[in-house]
Structure formats: structure tokens, C-alpha cells
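Working notes, beginning with the structure itself.
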Amino acid sequence: MAWIEVQNLRKRFGAQAVLDGVNFRVESGEALAIIGRSGCGKSVLLKHLIGLLQPDTGSVQVDGENLARMNERALLQVRRKFGMLFQSAALFDSLSVAENVGFVLLRERKLSPPEIAHRVAEVLELVELGGTEGQMPAELSGGMKKRVGLARALIYRPQIVLYDEPTTGLDPVVSDSIDQLIARVCAQLKVTSVVVTHDMRTVRRVTQRVLLLHQGRIYASGTPVEFFASADPLVNRFVHGIADPKEVAL
Amino acid sequence: MKAETKSWLRHPLEGLGRYALLCMEILRSLLGQRPRLPDLVYQLYFIGVKSQSVVLVTGAFTGMVLCAQTFFQFHKVAMDTATLAVVSVSLGSELGPVLTSLMVAGRVGAAMAAELGTMRVTEQIDALRTLATHPVDYLVVPRVLATVIALPLLTAEAICIGILAAYVVGVFLLGIDPAYSWHNMLRYTDWRDILIGFMKATIFGAVVATVSCYKGMNCRQGAEGVGRATTEAMVYASITILMSNFFLTMFLNRLFYGLD
Ligand SMILES: Nc1ncnc2c1ncn2[C@@H]1O[C@H](COP(=O)(O)OP(=O)(O)O)[C@@H](O)[C@H]1O
Ligand SMILES: [Mg+2]
């Protein structure tokens, strides 16, 4: 079981301060949602958790190890604890589904090819894509790509799974099946999950705790139920999908 | 702000620094672990086969024009049979490696930058990193190794084709004496000229691959970023080849022929 602690995280790109003092903790085994408007820095925050970006100041600790002080090769070892599903799925487009999903195992070469093929089939079954091994990423629909991306992250049994907008851009039915899949992964594999999203349905169905990221800070935190009942105008507008009248007027 | 006004100085320096870091990471990877053979073979195949037509045409026409032009000048002073010697020395130590490398930079270098650039903007490189794989190990090292191996071979091919084409043009078109020309060519072409050519090709191979990979890995976002990375890879690699060739000629000739 693994936990993550983020302390006073700041990150700017040029003149734009994207993260401006973020503090939170992800307990081991919990499913946490991070919500926020498009472009508010959710992906940037998620990439800090796994060391893809380095903070300007502040720290990110995973099981007590500070990622901010590590070089890339040391980070590679820490990242074995993580699986990440990218917003765009980020499948390797020159490799087949089976090669994508089995990527880590094929590189490690600890298992024999038949064993790897078996594990690939198993995890593809888990994401309900059995039999697609031979296809290329370009032949898959958006929802299938996300499932393959998830299978690729789950095959080496990570302790923490990060999801970047798992349902954005998918139709409601596919979104629903992805939500169920995430919930199943959380329950069956007992992983720590961080889900970045702006889909409130995902939040309600998958996670136990929610953080709202706004202007580079954690603006509010609570359970999904508390969020839906919140009287705070900002939280309320976000949860119910209502535009700020002032912005509409402009 | 002061930092903004100095950006014309800061950006190139930052770029050089990052390029140096990439080269160090490549060395560390080469020392640390053996690259995987299938990756290397695939890249060798890609670079070797992709460049065949270009290398053949470059070699042949350079040899032909070099032969013709040399002949026209030498004929005035009745030195016809020295023509092939000039062709082989200049092809072997200068034109062969430089022109082959420039052509490879245009084809293979641009393709590498485009491929890695696309992988970067579609987050595939970030995905690699989350899968506990160093992009330098997986993407850069096989490309650099393959180019460093392939370019000297392609250069040798271009030189051979060039000399052959020059021979055909000289003997059958311009009517120089085949036996004497060939003999003179062998006599005046020093093994050191060939060695210099090979060393240059190896170095240019490293330049083409590292510059192209650097440009790809540090590509800006979007289709425009990939386009820019591609052209910049080609331009920077070509300029580096042309400029370093001068210094290499000075240095290697001093090294092999002494200071006299
Ligand atoms: N590598 C980068 N370089 C410069 N700016 C970036 C980079 N990554 C993200 N940004 C900026 O940071 C802001 C937050 O981006 P992001 O985290 O992707 O938003 P979202 O919350 O929609 O995921 C955006 O304004 C984006 O332009
Ligand atoms: Mg995002």
C-alpha cells in the first residue's frame, strides 16, 4: 500500500504560475478525485505526482521518498509503483495492442513470451477487450484506446493508479463503462487511485474524496456528497455545471 | 525585466546545455546497459535501406562531375591520367563523408526528429517514462548507434560508386587512358585519406543522430512544433557537419601527416 503527500507545490511555466502552493495527501487505498476547470493545471499536478514534471519549490513524497530530489534514473524505479492513464491514452502507435499492453514485461524479459502473452490476454479480459491483441492503436475507438492504456498500466500490478480525464471526450455509455471499470480496479486490485476529471458522475461513482483545484491551489475538499450539497458558489457552479454569470456577460 | 532582454543569449545557451546533457545521458546509457539487438537492427535496416537511393545518386553524380571538371582543367596541362587520383582523394576524405552525411541528415535525421517529436507531443515519451523506461535507452541510443555504424558504410558505398562512375565517365566519355589513370589513382590515394574519411563519417553520424534526437525530444507542442523540429534538425545537423568538417580536416591531416 502506498501513499502520496504533496507539500507547498509550486510550478510556473514562463510567467504563468500554474500551481501556486498545493498541499494534500492521498492515503493508501483511497480513491481521490481532483476536479477543476480545463486548463487549471490538473494534468500538470498529476504529472508531478509521478515525477514527470519537477516542482519549482515544494515536495512530492511517495511512501516517504521525495521525488523532487531525484534524477530520472532513480525516478524510473519509483515509477514501478505507479500506473498512469493519460488523457490522450498515449499508446505507442507503432506497436500493436499486445505489444503496448505487454510493454513493461517485454522490456524486463523476466517472463517467457507465452507467459507474457497469457498475462496480456488476462488483463485485456479485465478491461473487456479480449481478442484485440493484434490490432493497431489507429484502428481503435477513443474508449478502446483508454482501456488499452489502462491495461498497459495495470499489467505490472502497480500500487497507485493515476487517471487523467478517463471519460473526457467519450459518449455517455462508454463513459459509464469506463467508470465501472475504474471502480472495479479500485475494489479488486486494492490500489490507491487519483482520478483527475471534470466529470461529476465519475467523481460520485468512483471516489471517496474530492479536491477542487482553482487558481493554482486546493480551493475545497470533501466527500462527493458534501460537494454536491455545498453552498460555496464556486463549488456549486462546478458541481452543477453552471457558468459564472459575470463570465457569461463578457 | 533583465532576464527577458537577455533571452537572445540565454536561449541558445540553454539549448546547448540541454544538448550536452542529452549526450551525457547517451554515454551513461551506453556504459550502463547493452542496447537491445532487435531495436538496433531495426534502426540499422531503416537507416541503411532508406538511404540507398540517395547515397547511390549522390555518390555517382558527385564522382561524375568531379571527374569531368578535373579532366577539363588537367587536360590543359596534359595531366589527364591524374584525374582519377584527384577524384578518389577528394571523394574519400571530403566530398564522400560530407555529402553522404548531408543527404542522410536530410532523410534520416528529419525522419528521426519528426518521429520523436510526434511521440513527444502525443505524450508517448511521457508514457514511456511512466513505464519505467528511459527514453534515451529506448529511443535515442539505438538510433545514435545505428547511425554511427551505418554512416561510414554508406560513405564507403558512395565513394566506391563515385569512383566507378568517374572511371566510366573518364574512360568512355572523355577518353583518358584507363590503365595509367587507375595506377595513378592507387598510387596517390593514401590510406590515411580513406581513414580520415571514415573518421569524419563516424563523427558526422553521431552529429546527425544526436542533433535530430535532441530536436525531436525537445519539440514544442502541436503540429507546428513537429514541423519546426524537423526542419531545425536538418538545418542544425547540416551546419554542424559543414563547420566541423573544416576543423576535422585541419586536425586530422595534422594528426596523420605531421606538422610539416
Ligand atoms: N509543458 C508545458 N509548458 C508550458 N505550459 C504548460 C505546459 N504544460 C501545461 N502548461 C500550461 O499549464 C496550464 C495547465 O495545463 P493542464 O494541466 O494541462 O490543464 P488541465 O487542468 O486542463 O489538465 C495550461 O495553461 C497550459 O498551457
Ligand atoms: Mg489535462
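Just so we're on the same page: letters track the sequence lines, and every chain starts at 1. Quantities reported herein were computed from a predicted structural model and do not represent experimental measurements.
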**Asked** Going from CG on A:L52 to CZ on A:F86, what distance comes out if it is rounded to the nearest 0.5 angstrom?
**Response** 5.5 Å
**Asked** So which pairs with a foot in residues 42-57 of chain B pass salt bridge (charged side-chain N to carboxylate O under 4.0 Å, His left out), sequence neighbours left out?
**Response** none
**Request:** Report the residues that fulfil side-chain contact (heavy atoms from CB on, under 4.5 Å) with B:T202, sequence neighbours left out, ordered by chain and then residue number.
**Result:** B:V148, B:P152
Between chain B and chain A, which N and O donor-acceptor pairs fall under 3.5 Å? A table would be great.
unit_1, atom_1, unit_2, atom_2, d
B:E25, OE2, A:R73, NE, 3.0
B:E25, OE2, A:R73, NH2, 3.0
B:R36, NH1, A:L106, O, 3.4
B:E123, OE1, A:S88, OG, 3.0
B:E123, OE2, A:K47, NZ, 2.9
B:Q124, OE1, A:D93, N, 3.3
B:Q124, NE2, A:D93, OD2, 3.1
B:R129, O, A:R79, NH1, 3.1
B:R129, NE, A:E72, OE2, 2.9
B:R129, NH1, A:L52, O, 3.4
B:R129, NH2, A:L52, O, 3.3
B:R129, NH2, A:E72, OE1, 3.1
B:D137, OD1, A:R73, NH2, 3.0
B:D137, OD2, A:R73, NH1, 2.9

**Asked** Can you tell me if B:K200 uses its side chain to pair, donor with acceptor, with the backbone of B:E94 under 3.5 Å?
**Response** no
**Complete:** B:F46 meets the ring pair (Phe, Tyr, Trp, His ring centres under 6.0 Å) criterion, sequence neighbours left out, with none
**Proximity breakdown for A:L95 and chain B, heavy-atom pairs closer than 4.5 Å** = side chain
**Request:** Using atom types as modelled and distance alone, determine if a side-chain donor or acceptor of B:T231 lies under 3.5 Å from a backbone N or O of B:R228.
**Result:** yes
**Prompt:** Does the B:S244 side chain pair with the main chain of B:I241, one donor and one acceptor, at a distance under 3.5 Å?
**Reply:** yes
**Asked** Where on A:L162 is there a heavy atom nearer than 4.5 Å to chain B: the side chain, the backbone, both, or neither?
**Response** neither
**Request:** Below 4.5 Å from any heavy atom of chain A, which atoms of B:L128 appear? Answer side chain, backbone, both or neither.
**Result:** both
**Complete:** Turns out that what part of A:F103 lies under 4.5 Å from chain B's heavy atoms comes down to side chain
**Prompt:** Do the non-hydrogen side-chain atoms of A:L45 and A:V196 ever get within less than 4.5 Å of each other?
**Reply:** no
